[in-house]
**Q** 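Quick one: this structure, given as structure tokens, is what I'll be asking you about.
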Amino acid sequence: MQAVRIHDTTIHYAYNKGEKNLCLVFINSLGTDFRIWDAVIDGLGTEFGTLRFDKRGHGLSSLGAVEKGSISSYAADVIGLCEVLDLDKIVLVGLSIGGLISLDIYQRYPNKIAGIVFMDTAPKIGTAEAWNNRIQAISTKGMQAVAPSILTNWFSPSFQEQQPAAFALYQAMLERADVSGYRIACEAIRDADYTETAQGIAIPVICMVGEEDKSTPVALVQGFAQLMNCSLITIPNAGHLPCVDSPERTTVILQDFISAL
Ligand SMILES: O=C(O)CC1=CCC(=O)O1
């Protein structure tokens, strides 16, 4: 188990040093911990470094002293972690809120990043009203009340049917998420709009999205890819978490992207 103190929080992470200098830094979605990348990490092998971590207030990482969430504070945690590990050639893989965090990192520290894979994400996700409703629901009724509708958006019906045990574990992950940690992430997403940053991006990037993603649907990610003038790869039979339901395809996309850098 690896952990480090970054700013006011303890970040739980898993770092594998690669044979090459380049390190893929995986930035999770809302309500998940870094186990969602396990199958992708297995498929990637040892050529490149990999860094996974739990965002503050998620998984085993502590919440710290923040009272209101901001994408910039997550970005500062990622940069702090990369500095501790002395990573100098970084490719970000940003899933959902992880894409917003990636855009913030690019905006603040453009020279540190060699490329970004945007996975099921957009520069603005959802409406303020929807996020306020979710915050209200978790604060009054807890995670279990919102979990069923969120899981329906994350996973395709076929994943639920074909892998009921895995589905049950992801349900447990979401239901056990810390309400305060989840709330600050919802606030951060609600208040974020990185459209201008995306328009000005000047490093290699790619977008990918599960064809059955109901949280950040294909049309939304298509608009994001057009904004950045980059390729969009759609993944059949995948939902909001292609690293979970389509890890082999996800691994190939990452490998192709890195080898073209
Ligand atoms: O949980 C969801 O609704 C999907 C999602 C939106 C932003 C994120 O990180 O996950």
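What you are looking at is a predicted structure, and each value in this text was computed from that prediction instead of being measured. Whatever order the structure lists ligands and atoms in, that order sets their numbers, starting from 1.
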**Q** Considering the heavy atoms of Ile150, write down every atom of ligand 1 situated less than 4.0 Å from one of them.
**A**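 Counting atoms of ligand 1 from 1, those under 4.0 Å from Ile150 are 1 (O).
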**Q** The test is ring pair (Phe, Tyr, Trp, His ring centres under 6.0 Å); show your working for Tyr170 and Phe155 and say whether it passes.
**A** CA-CA 10 Å; Tyr170 282 98; Phe155 293 113; 5.7 Å; yes
**Q** Consider every N or O of Leu95 and every N or O of ligand 1, then say whether any pair is closer than 3.5 Å.
**A**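 Not met; the criterion fails.
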**Q** With Arg56, which of Asp77, Thr9, Thr10 fulfils side chain to side chain donor-acceptor pair (under 3.5 Å)?
**A**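 That would be Asp77.
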**Q** Side chain, backbone, both or neither: which part of Ile97 has a heavy atom under 4.0 Å from ligand 1?
**A**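 Within the 4.0 Å criterion, Ile97 contacts ligand 1 through backbone and side-chain atoms alike.
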**Q** Hey, does Arg134 come in under 3.5 Å of ligand 1, counting only N/O atoms on both sides?
**A**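 Yes, Arg134 has an N/O under 3.5 Å of an N/O on ligand 1.
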**Q** Could you tell me whether the side chain of Cys82 reaches within less than 4.5 Å of the side chain of Val78, counting heavy atoms only?
**A**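 Result yes, sub-4.5 Å side-chain heavy-atom pair found.
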**Q** Taking the side chain as every heavy atom from C-beta outward, state whether Gln107 and Tyr194 have any atom pair closer than 4.5 Å.
**A**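 Yes - at least one pair of side-chain heavy atoms lies under 4.5 Å apart.
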**Q** How does Ser215 reach ligand 1, if at all, at less than 4.0 Å between non-hydrogen atoms: by side chain, backbone, both, or neither?
**A**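 The part of Ser215 near ligand 1 is the side chain, not the backbone.
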**Q** Does the side chain of Thr216 reach to within under 4.5 Å of the side chain of Phe224, using non-hydrogen atoms?
**A**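 Side-chain contact under 4.5 Å: no.
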**Q** Any atoms of ligand 1 less than 4.0 Å from a non-hydrogen atom of His240? List them with their elements.
**A**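 The atoms of ligand 1 under 4.0 Å from a heavy atom of His240 are 4 (C), 5 (C), 10 (O).
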**Q** Does any non-hydrogen side-chain atom of Arg52 lie less than 4.5 Å from one of Asp38?
**A**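 Yes, close enough: below the 4.5 Å cut-off.
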**Q** Could you check atom 7 (C) of ligand 1 against the protein and tell me its nearest heavy-atom contact, residue, atom and distance included?
**A**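 Looking only at protein heavy atoms, the one closest to atom 7 (C) of ligand 1 is Ser96 OG, 3.0 Å.
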**Q** Would you mind running through ligand 1 and noting each atom that sits below 4.0 Å from a heavy atom of Ser29?
**A**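 With Ser29 as reference, the close atoms of ligand 1 come out as 9 (O).
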**Q** Met1 versus Leu60: any side-chain heavy-atom pair under 4.5 Å?
**A**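 A side-chain contact under 4.5 Å exists here.
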**Q** Of all the atoms in ligand 1, which lie at a distance below 4.0 Å from a heavy atom belonging to Ile189?
**A**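 By the 4.0 Å cutoff, the relevant atoms are 7 (C).
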**Q** Relative to the heavy atoms of Trp154, which atoms of ligand 1 are at a distance of less than 4.0 Å?
**A**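 Heavy-atom distances to Trp154 below 4.0 Å select 1 (O), 2 (C), 4 (C).
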**Q** Atoms of ligand 1 less than 4.0 Å from Trp131 heavy atoms?
**A**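 Counting from 1, the qualifying ligand atoms are 6 (C).
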**Q** Hey, which atoms in ligand 1 end up nearer than 4.0 Å to a heavy atom of Leu30?
**A**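 Contacts of ligand 1 toward Leu30, numbered from 1: 1 (O), 8 (C), 9 (O), 10 (O).
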**Q** Between the side chain of Ser96 and the main-chain N/O of Ser29, is any donor-acceptor distance below 3.5 Å?
**A**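 A pair under 3.5 Å: no.
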